[in-house]
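So the structure is just underneath, and the comments pick up after that.
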Amino acid sequence: MTRWMLGAAMSLWFVCPAVAGHLDAKAVNEAARPEKPVAADKTSAPATKLQILLDRAQFSPGQIDGKLGENAQKALKAFAEQNGLSVDKTIAPELWDKLNAASEGPVLVDYEITDADVKGPFLKKLPAKLDDMKSLEALSFTSPLEGLSEKFHMSEELLRTLNPGKSFDKSGETIVVANVPARRELPRIVRIEIDKPHAALKAFEASGRLVAFYPASIGSPDRPTPTGTLKVTATDERPTYHYNPEYKFKSVKSKKPFEVKPGPNNPVGSYWIGLSAQGYGIHGTAEPDRVSKSASHGCVRLTNWDARVLGENVKRGTPVVFLDAPTESSSKQRASTAGKRAAN
């Protein structure tokens, strides 16, 4: 079993039932290090805090849903390894302290809903099929709640749980949200790795240090992800989706090319990073809860917010390496970097 294998061994660490307790801002902000394994399928204050801390450290748990699920476990393991620490059945004091030290301020804060949050326009319903999207003027959010959830990287369910009785469609209403930055600046990224076996994207700076980790949906049987090395060619913060009949998607009836207008619920989300192979890119998604849990149509799919952070910090020409297994050279480089940090 490799260091990164999360399978049965990892699941055993986090499946023990745990009493979630009352989930509110005070409980989450004051959550102490859990001394027992955190349940993967239960919403809890420690899990919510861990997810937000990981998000702020650029080791993304994907959508923040208050649970220490598979994506959060992967991010936690990556953060631990990057800092020369180990992950055991319980979260070690050193790991908890390192995460808390990586950012400042409470993990949950009050937010006053603005006119822009509720203005819209909103879709009455998001079509399930691509054919039905081509006539829409924009692939907007379906409600203020969906927009606010994405703005703060949260699931709608968690946002409701933290704000019982609150209305999300009224300007001036104060709600509790994850304290995550709207924009982030990363060190210069010189290499991106697409880790196919572990459904993750990793970004490295010149020293070989991992500066960002994101869960990702990678490829599908009908349109597999590329192999080898490509390069970043362009970025687009309002991408239009172009359907090519040569894709021959089983769910699409149209035999002619068509376009789907921009918006956060566009099939490629609200951000696109083009790669040097026609039709392939790294992009967002309309379904952040399914990232790394479902296949993509050949591209690399991240949450909209993770795709945006990466796109705003990557340069044209940056190599993107698709790995079917960790390469010996990259593994040695990361091991060497970790050893230097431990020595210091």
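Listed here is the closest heavy atom pair of Leu186 and Asn313: N-OD1, 2.8 Å. Closest heavy-atom contact between Ser140 and Asn265: O-ND2, 2.8 Å. Shortest non-hydrogen contact noted between Gln58 and Val211 is CB-O, 3.7 Å.
Phe59 and Phe79 have perpendicular rings, their planes meeting at more than 60° on a 0 to 90° scale where under 30° would count as parallel. Relative orientation of the Phe152 and Tyr111 rings is perpendicular, given thresholds of 30° and 60° on the angle between their planes.
The pair Arg308-Glu237 meets the salt-bridge criterion, since a charged nitrogen lies less than 4.0 angstrom from a carboxylate oxygen.
Around the NZ atom of Lys36, the shell of radius 6.0 Å holds no more than 12 heavy atoms that belong to other residues, nucleotides or ligands. For NZ of Lys261, the number of neighbouring non-hydrogen atoms (other residues, nucleotides, ligands) closer than 6.0 Å is greater than 12.
Between Thr225 and Tyr280 there is no side-chain heavy-atom pair separated by less than 4.5 Å.
Every ring-ring contact (aromatic ring centres under 6.0 Å, His included) that Phe258 has, sequence neighbours left out, goes to Tyr243. Every residue was checked against the ring-ring contact (aromatic ring centres under 6.0 Å, His included) condition with Phe141, not counting sequence neighbours, and none meets it.
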Review item, side-chain donor-acceptor pairs of residues 172-180, under 3.5 Å, at least two apart:
residue: Glu173; atom: OE2; partner: Ser167; partner atom: N; Å: 3.3
residue: Asn179; atom: ND2; partner: Pro106; partner atom: O; Å: 2.8

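A donor-acceptor pair is defined here as one N or O able to donate and one able to accept, closer than 3.5 Å; such a pair exists between the side chain of Glu146 and the backbone of Thr142.
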